[in-house]
Amino acid sequence: MHLPPQDDLFTAPPAVESQGLLKNINPEQLAAVTAPAEPMLILAGAGSGKTRVLTTRIAWLMQTGQVSPGGLMAVTFTNKAAKEMQTRLGAMLPVNVRGMWIGTFHGLCNRFLRAHWKLAGLPQGFQILDSSDSVSAIKRVIKAMKLDEERYVAKQVSWFIASAKEEAQRPGDIVPHDEQTRTMVAIYQAYEDQCKREGVVDFAELMLRCYELLRDNKPVREHYQQRFQHLLVDEFQDTNKLQYAWLKMFAPPGRQQAVFAVGDDDQSIYAFRGARVGNMVDFEREYRVSRVIKLEQNYRSFGNILDSANELIGHNSKRLGKNLRTDAGPGEPVRVYEAASDFAEAQWLIEEAQALHRQGLARKEIAVLYRSNAQSRVIESALFNAGIPYRVYGGLRFFERAEVKHALSYLRLLENPNDDTSFLRVVNFPTRGIGARTIELLQDAARASGRSLYQSVGAVAGKGGNNLMAFTGLVDSTRNLTQGLTLREIIEQVLETSGLAEFYRNDKDGAERLENLGELINAAEAFVTQEGFGKDAVALPVDELSPGAIAEGFPAAVAPANFTPDAETGEIMSPLAAFLTHASLEAGDNQAQAGQDAVQLMTVHSAKGLEFDAVFITGLEEGLFPHENSLTDHDGVEEERRLMYVAITRARQRLYLCFSQTRMLHGQTRYNVKSRFFDELPEGALKWLTPRNQGFGSGFAKEYQDAWSRGSGLKSMVGAGRVEKPAYVAAPVPRSMKAAAAEKVAAEFGGLRVGKGVFHTKFGEGMLMTLEGTGQDARAQVNFGRHGMKWLALSVAKLTPID
DNA sequence: GACCAGTGTTCATGT
DNA sequence: AACACTGGTC
């Protein structure tokens, strides 16, 4: 195997000097970068240099004097993408990228609302609920309304509310057609009231509030429309209805500001959370886009990988139409591996990854992708046992860890004691004698007076009430103690006075949690020093509050009486408030082993936008990928296919596809058939490391057994080209051994055959899945349908074959 | 009210 | 298999 030299073939050198901005850019890219200042739609295929086009355009616009840093807004979906854009831009031009309006939709909305909190009807220090906070807040509402929690599941209601907000619908805008919906709307309303009382907003609220303010306040709207002459939107295919409407507030179609929308309909993988690919077509029509520029030249992957991607996505019907091409040769074939179990799959892939590493590939250039997070565990444990460094993205992220959330809750209470979500999270953690009964009384009192829990403590007398008083006293005294301290000192103080640190020091499993709390202090330190707690969180550039802006129609309320923006930076929030916002908006990677050369594990969704030299796509099985929940509707399968397309196009040099016959799920073994996507890939680009198999008890297994019975065995199949070379035959050994074992058992227990039916006196009819062992050890795995999958000792169980 | 053991539920994807 | 929730006991 040979790997082409890295970096010179695929990574064009970044244009460092400003004069060289347009060097090494292909004609398509050049057309996009230097497009006239009018609405543009760029169809950017995977690996076509999309980010480069975006950043180069921004740099070019500024360099040619068409726009000032303050006159443009660039919006992305992920923090990662926003950060990358800022970094690259900073490398191209000597500008203060932090002050620019470059960020995620939510980050920019947050910044906007921080500036106009009063106009938006928010308290100045409003805090942001993450999804789990939001769910628990909704749970409280449902309880308070004394509704059936089985019928109104907080998670589902949360989804309902978020969906409504993404449609820009307030409770009053929804016309319920049934009792269930009517109640959901009532919960939505009560939840909104509660959020308002507590001074918190959820993710969807950030967007909606920002949109409504622009919609309803003409002076503000016109100010921003004048200010932003250029708007650039990344991943346009992922925008939802509200985000598109939001964009139109900044740049209404009639005014013909230069909206530069970049997207790829083939990479639309967020329909499940409201993304509308249709926004691309709508945009083209509504903004009267005269020319759509397609970026189809791929600089990332070799031909076989690209052919696979192109052919796969060709099976989708609703496409704008686009075909990636490359100048690189065909490269290595796409390798396909069929494993006997998820364990074997993991084992194989880490061996292969090790081999790649030995051949000089950095571990961080190897990615293992899966459809859902649950699949990572087996792979993780295999990597762990083999002693291979790895890094898992997604799953439980840093700011989502229980101990970190506890600490953050205390910190939030310092800023805003009326945050009931935080109050409830820590009021009795560590335990301080405040039980469910007391909390209930407190909640009743709060509800009756329409005040927060914190404000209602005085109303609850009795022994529990005293403990409550002690708790609020603790919060208040901590607030006093931390006046004027640095962020680091504040957190250290809070960890001690709250008793959190003490609790974890005494807890026998608390070491790791203590470490994470230490990590929280580090994160805060890094936030203050490196990031200058700017970015999404705060950093309102001074110009934001300039007298000019106010004169132009901002009510004086924009600059609240009780604060003075920092003379130097214009920052208007305390470091603590800024850090809390940062924590909500950026869940943070799980920072373990950051910086180490480690194999990268992540879901396909989180791999979007990334690229690696070698990519393993695992668990390519029906029901898993495509996921079973998507199979019911046609659009669902198309989205899964796009997801697969995204996965394939992550690979530069090497692509591996693998699947397993059996897999542990929900603690049960499931039997899977290989994904339909295999039938949609070009045969010529694939190389099967294991012989083809159509499924259980058929295909290869049958062919193999036939060959075996002819006495020629595996050899004849190798000769027939079904198994490419003996070196790789080593891989499917478990299977051939299984087949051999099955033959033996079959001989012993006459007539039993894998894939045939069997009858058991107690469980009835079942399908024979596996035969193993001999004599006393002989055992069979049988799927009895409603009785489930069972392992049976053949020396005991009476199994009779059915024909 | 704290703590433990046993039971039930979830594993789609993210700001 | 891992975790959240429930009910019983001290």
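Naming: A, B, ... by sequence-line order, numbering from 1 per chain. Computed from a predicted model, the values in this text were never measured in an experiment.
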Sugar-phosphate only, base, or nothing, as touched by A:D130 at under 4.0 Å among non-hydrogen atoms: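 A:D130: no heavy atom of the nucleic acid under 4.0 Å.
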A:Y191 versus A:S158, side-chain donor and acceptor atoms under 3.5 Å: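 No, no side-chain donor-acceptor contact under 3.5 Å.
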Nucleotide-resolved protein contact map, nucleotides 4-10 of chain C, B/S/- at heavy-atom distance under 4.0 Å: -S-----
Per-nucleotide protein contact string for nucleotides 8-15 of chain B (B base, S sugar-phosphate only, - none; heavy atom under 4.0 Å): --BBBBBB
Inter- and intrachain pairs under salt bridge (Lys or Arg N to Asp or Glu O under 4.0 Å), touching residues 374-386 of chain A, at least two apart: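 Output for this query is empty, none listed.
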Summary of salt bridge (Lys or Arg N to Asp or Glu O under 4.0 Å) pairs that have at least one residue in residues 421-437 of chain A, sequence neighbours excluded: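 Sorted result for residues 421-437 of chain A: A:R437-A:E440.
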For [X], what residues pass the side chain to side chain donor-acceptor pair (under 3.5 Å) criterion, not counting sequence neighbours?
X: A:D130; result: A:S132, A:K405
X: A:E235; result: A:K50, A:Q237, A:K608
X: A:E212; result: A:R170

Nearest-Å distance once atom P is located in both B:dT13 and C:dA4: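 Taking atom P in both B:dT13 and C:dA4, they lie 16 Å apart.
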Spacing between A:R437 atom CZ and B:dA2 atom P, to the nearest angstrom: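 Result: 15 Å.
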side-chain contact (heavy atoms from CB on, under 4.5 Å) against A:S372, all qualifying residues, sequence neighbours excluded: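 Listed in chain order: A:Q375.
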Which residues share a side-chain contact (heavy atoms from CB on, under 4.5 Å) with A:E515, sequence neighbours left out: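 side-chain contact (heavy atoms from CB on, under 4.5 Å) list for A:E515, sorted by chain: empty.
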